[in-house]
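For this chain, numbers begin at 1 and follow the sequence in order.
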Amino acid sequence: MSTEAIEINADVHAHDEHEHHDSFISKYIFSTDHKMIGKQFLFAGIFWALIGGGLSLIFRLQLGFPDMDLSWLKPLLGGWISDQGKLDPEFYLALVTMHGTIMVFFVLTAGLSGTFSNFLIPLQIGARDMASGFMNMLSFWLFVVSSALMLFSLFIETGPAAGGWVIYPPLSALPQAIKGSGLGMTLWLVAMVFFIASSLIGSINYISTIINLRTKGMTFTRLPLTIWAFFLTAIIGVLSFPVLFAAALLLVFDRSFGTSFYLSEIYIGGEALPNIGGSPVLFQHLFWFLGHPEVYIVLLPALGITSEIIATNSRKPIFGYRAMIGSMLGITILSFVVWAHHMFVSGMNPFLGSVFMLLTLIIAVPSAVKVFNYLTTLWKGNLVFTPAMLFSIGLVSMFISGGLTGIFLGNSAIDVQLHDTYFVVAHFHLVMGSAAFFGMMAGVYHWFPKMFGKMMDNNLGYVHFWLTFVGAYMVFFPMHYIGIAGFPRRYYSFTNFDAFSSFSDLNTFVSVAAIITVSAQLIFVFNFFYSIYRGRKAPQNPWRSTTLEWTTPIEPGHGNWPGEIPQVYRWPYDYSKPGADEDFIAQTVPLSETRSSNLPHEEEALKEGKAQ
C-alpha cells in the first residue's frame, strides 16, 4: 500500500471517529466544518439583509412621503420620532450610514463570499476541508463579534454612526460634531476592526486551501470559474483590507489621542480646535484604496457563481473559459489603480484625474469580455429556466445597465456634474448592489440541495425573481433621471427647494417600488426556511452538473467524501459533447471512457499517455 493511500485511510478513520464524538455545540455552534460555517454565514447574511433592507424602507418613507405622520413608528424608534411625528434629521443620516455599511460589508461581503467560498471551495477542488478548520471557525466568530457591536450601536441613546458608510472626516473624526459622531462612530470603528480581521483570516485560508489542497488531476486550468473568482477575491481582500484597517486606526488616533492625520485647522461651535496639518483627503485616498476593490470583492464571487449556473442551465460549455479567467485577472489588477475616480470632486490635480479616468475606462474592457462570454454561452443554448438561471440572467442584465452608467461616472468632466446626485446612487445600486444580490440569490437556489438535502419550491422562486427584478429597475431607473436633473443625494428634505419639489411624485413612486421589492424578499425567506424542513428530498445531482460537489453524498458529512477523494480528468464544462451518452460528463469520468465524444486534442493526450 502506498504512503498516499495510508494517509487517506488514516484521514478517513480520523474523520469517522471525529464525527462520532461531535456534540451539538461542536457540530452547530463552534464547528470547524467548512459546510456548517458556510451555512452560518448564510443565515447571518439573511438576518443582516432583513435589517439593512428594513432601514432603507424607513428613510424611503421620509423621501417618498415627507409630509406623512410617522408617529406609528414611535414604539420602534422612540425619541427618533418627534412629537410632530417627523423623523429626526440626524437619525436619517444614521439610517443611511447603517444601511450602506450593513449591505456592503455584512450582506454582500460576508453573506455572499463567506457563504459560498466556505461551502464550495473544498467541495469543488476535492478537499476534505479548509486548510485550517480552526482559522475558519475563528473567522466566523470574529464576524459575529463585529455584528454584535454594529447591532448594539443601533440601540444606544446617541444613535449609531452618522457620517455615511464612507465615514469621511471631519464628521467621523470629531466626536462632538453630531450625535452620531460619538459612541456610535466608536462602535462602528471597533466593529470594522473585527470585521477586517475576520475577512483577512478567511481570505488567507481560502488562498491556502486552493493552492495546496486540490485533489489529484485538479490543475488550475480545470478549476471551475467559481473557484477562480473566490481565489482572486481573496487576493484582493488580503491586499486591500489592511489599508482600510490603517485608515481606521489613524482615525481612532485623531478621535481619541489628539493627533491630526485627517484634521487641519478647524472651528467647531465657535471654538478653535488645536489640530493642525492634517488632511481629510488623505482619508479619502486610504478609504477608496479599499473602497473600489470592495466593489469587486462583492461582484467577483457573484460573477463566478453566475458563470457556473449559466453554463449548467444552458447545457453548453462556458464560452471562452481562459478569456473569463483572463478577464477576472484583469479586473483584479485594475481594481487597485482606479480608486481616485471616486475623488474627482475632491480638488485633485486635473492631470491626475485624467490618468484615473483612463484607467477607469480601461477596466470596462475585461468587464465587457465577461458580458460577451455570458451572452455567447446563452446563445443557442438549450436553456433551462430554473430560479437560479433567472437570477443569473438578471445579474447579467444589471451588470450591463449598471456598467453603462459607470462609463459616465468614470469620465471626470461628467462626474463633476453628477457626483452628488442620485445618478451615482442609481449606478452603484444597480452594478454593485443588485447584481451581487442577484448572484447571491442564484447561488442559494442552485446549491440549496447540496446544503440541506432538500429542494426549494420553484414556483415561489419564480414569483420572488420577477418581483425583485422588475422592482429593482422600478426603484433605480427613475433615480438616473432625477440624478441627471440635478436631484441631490444625502438630503433629508428636498421639499424646501422649488427646483426639486417637482420630483416629489417620482420619489413617491420609487418609495412604493422599494417597499414592494423589499417585501418580496419575505417570499424567499419563507421558501428558504419552509424548504429546509418540508422541502422535497433532493436527488444526487438535480441540475445534472459536472463539478465535484455533486459526487459527494446528498448531505455530505465532515470530510465530504466517505472514501477516497475522486480524481479529476477533465475541465468542468463538458456539456452536450457530440457523441456522448448524456448531455453532461462529470469531471471524474476518464477520457478513456468517453472515446465517442473526445475532442482531437483529448485523443492525442490519451495516445501520448498524458491523460486517462
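- Counting heavy atoms from C-beta outward, Met192 and Met150 have side chains that approach closer than 4.5 Å.
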### Message
Evaluate Gln284 against His342 for side-chain hydrogen bond (donor to acceptor under 3.5 Å, both in side chains), listing each step before the verdict.
### Response
CA-CA 9 Å; Gln284 292 190 34; His342 295 274; over 6 Å; no

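- Taken from OG in Ser56 to CD1 in Ile51, the straight-line distance is 11.5 Å, to the nearest 0.5 Å.
- Between Phe476 and Phe428, a ring centre-to-centre spacing not shorter than 6.0 Å is recorded.
- When only modelled atom types and interatomic distance are considered, Ser153 and Trp188 share no side-chain donor-acceptor pair under 3.5 Å.
- Taken from OG in Ser354 to CG in Leu359, the straight-line distance is 11.0 Å, to the nearest 0.5 Å.
- The shortest non-hydrogen separation linking Tyr445 to Gly461 is OH-CA, 3.5 Å.
- Here the side chains of His427 and Met479 are not in contact, with every heavy-atom distance at 4.5 Å or above.
- A 4.5 Å side-chain heavy-atom check between Phe41 and Ser117 finds every atom pair outside the cut-off.
- Under a 3.5 Å cut-off, the side chain of Ser146 and the backbone N or O of Ala191 do form a donor-acceptor pair.
- Rounding to the nearest 0.5 angstrom, the gap separating the CG atom in Asn507 from the CZ atom in Phe65 is 10.0 Å.
- Taking OH of Tyr492 as the reference point, atom CZ of Phe59 lies at 14.0 Å (rounded to 0.5 Å).
- Taking 4.5 Å as the limit, some side-chain heavy atom of Pro366 sits within range of a side-chain heavy atom of Leu334.
- Atom CZ in Phe494 sits 8.5 Å away from atom OH in Tyr422 (nearest 0.5 Å).
- Met440 contributes atom CE, which lies 13.5 Å from atom CG of Leu395 (distance to the nearest 0.5 angstrom).
- In this structure a side-chain-to-backbone donor-acceptor pair under 3.5 Å is missing from His292 to Phe289.
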### side-chain contact (heavy atoms from CB on, under 4.5 Å) between Phe140 and Ser198, intermediate numbers included
CA-CA 7 Å; Phe140 174 72; Ser198 163; over 6 Å; no

### Query
side-chain contact (heavy atoms from CB on, under 4.5 Å) between Ile310 and Val396: does it pass, once the steps are laid out?
CA-CA 10 Å; Ile310 284 182; Val396 176; 3.9 Å; yes

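- Looking only at side-chain heavy atoms (C-beta outward), Thr495 and Pro66 come within less than 4.5 Å of each other.
- Distance alone, capped at 3.5 Å, places no donor-acceptor pair between the Glu308 side chain and the Gly304 backbone.
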### Query
Can you list the steps and then say if Met456 with Phe524 is a side-chain contact (heavy atoms from CB on, under 4.5 Å)?
CA-CA 10 Å; Met456 291 183 78; Phe524 164 77; 3.9 Å; yes

### ring-ring contact (aromatic ring centres under 6.0 Å, His included) between Phe143 and Phe106, intermediate numbers included
CA-CA 9 Å; Phe143 171 67; Phe106 290 76; 5.7 Å; yes

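- In this structure, Lys370 and Ser307 approach most closely via the heavy-atom pair NZ-OG, 4.4 Å.
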### Task
For Tyr473 and Ser397, run side-chain hydrogen bond (donor to acceptor under 3.5 Å, both in side chains): C-alpha distance rounded to whole Å, both residues' side-chain angles, the deciding distance at 0.1 Å, then the answer.
CA-CA 10 Å; Tyr473 273 117; Ser397 166; 2.5 Å; yes

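- Looking only at distances, a side-chain donor or acceptor of Lys74 sits under 3.5 Å from a matching main-chain atom of Ile81.
- For Ser504 (side chain) and Ser501 (main-chain N/O), a donor-acceptor pair under 3.5 Å exists by modelled atom type.
- Taking the six-membered ring for Trp and the full ring otherwise, Trp339 and Phe356 have centroids separated by under 6.0 Å.
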Below 3.5 Å, can you tabulate the donor-acceptor pairs from side chains in residues 232-249 to any protein atom, sequence neighbours excluded?
from, atom 1, to, atom 2, distance (Å)
Thr233, OG1, Ala229, O, 2.6
Ser240, OG, Ile236, O, 2.7

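- The two residues Tyr206 and Gly114 make their nearest non-hydrogen contact at OH-CA, 4.0 Å.
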### Task
Kindly determine whether Phe43 and Phe528 satisfy ring-ring contact (aromatic ring centres under 6.0 Å, His included), including the steps that lead there.
CA-CA 10 Å; Phe43 285 119; Phe528 181 85; 5.8 Å; yes

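- Counting heavy atoms from C-beta on, the side chains of Leu95 and Leu87 come closer than 4.5 Å.
- Between Leu149 and Phe194, the closest heavy-atom pair is CD1-CD1, 3.9 Å.
- Between the side chain of Asn527 and the backbone N or O of Leu460 there is no donor-acceptor pair closer than 3.5 Å.
- The heavy-atom pair separating Ile167 from Ser172 by the smallest distance is O-OG, 2.8 Å.
- Put simply, the side chain of His341 never gets that close to the backbone of Gly410: no donor and acceptor are under 3.5 Å apart.
- More than 12 non-hydrogen atoms from other residues, nucleotides or ligands lie less than 6.0 angstrom from CZ of Phe529.
- For Phe372, the CZ atom sits in a loose shell: 12 or fewer heavy atoms of surrounding residues, nucleotides or ligands are nearer than 6.0 Å.
- In this structure the side chain of Trp447 reaches within 4.5 angstrom of the side chain of Ile305, judged on heavy atoms.
- A 4.5 Å side-chain heavy-atom check between Leu50 and Val525 finds at least one atom pair inside the cut-off.
- Although no hydrogens or angles enter the test, the distance criterion places a donor-acceptor pair under 3.5 Å between the side chain of Arg255 and the main chain of Ser181.
- By the 30° and 60° cut-offs, the orientation of the rings of Phe408 relative to Phe423 is perpendicular.
- Residue Gly64 comes nearest to Thr508 through the heavy atom pair O-OG1, 2.9 Å, listed as atom of the first residue, atom of the second, then distance.
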### Task
Quick one: do His419 and Arg489 satisfy side-chain contact (heavy atoms from CB on, under 4.5 Å)? Show the steps, please.
CA-CA 9 Å; His419 188 82; Arg489 54 176 169 153; 3.6 Å; yes

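- Here Phe230 and Phe116 keep their ring centres 6.0 angstrom or further from each other.
- When atom types are taken as modelled, the side chain of Tyr168 and the backbone of Val281 share no donor-acceptor pair closer than 3.5 angstrom.
- Checked by atom type and distance alone, the side chain of Lys86 pairs as donor or acceptor with a backbone atom of Met68 at under 3.5 Å.
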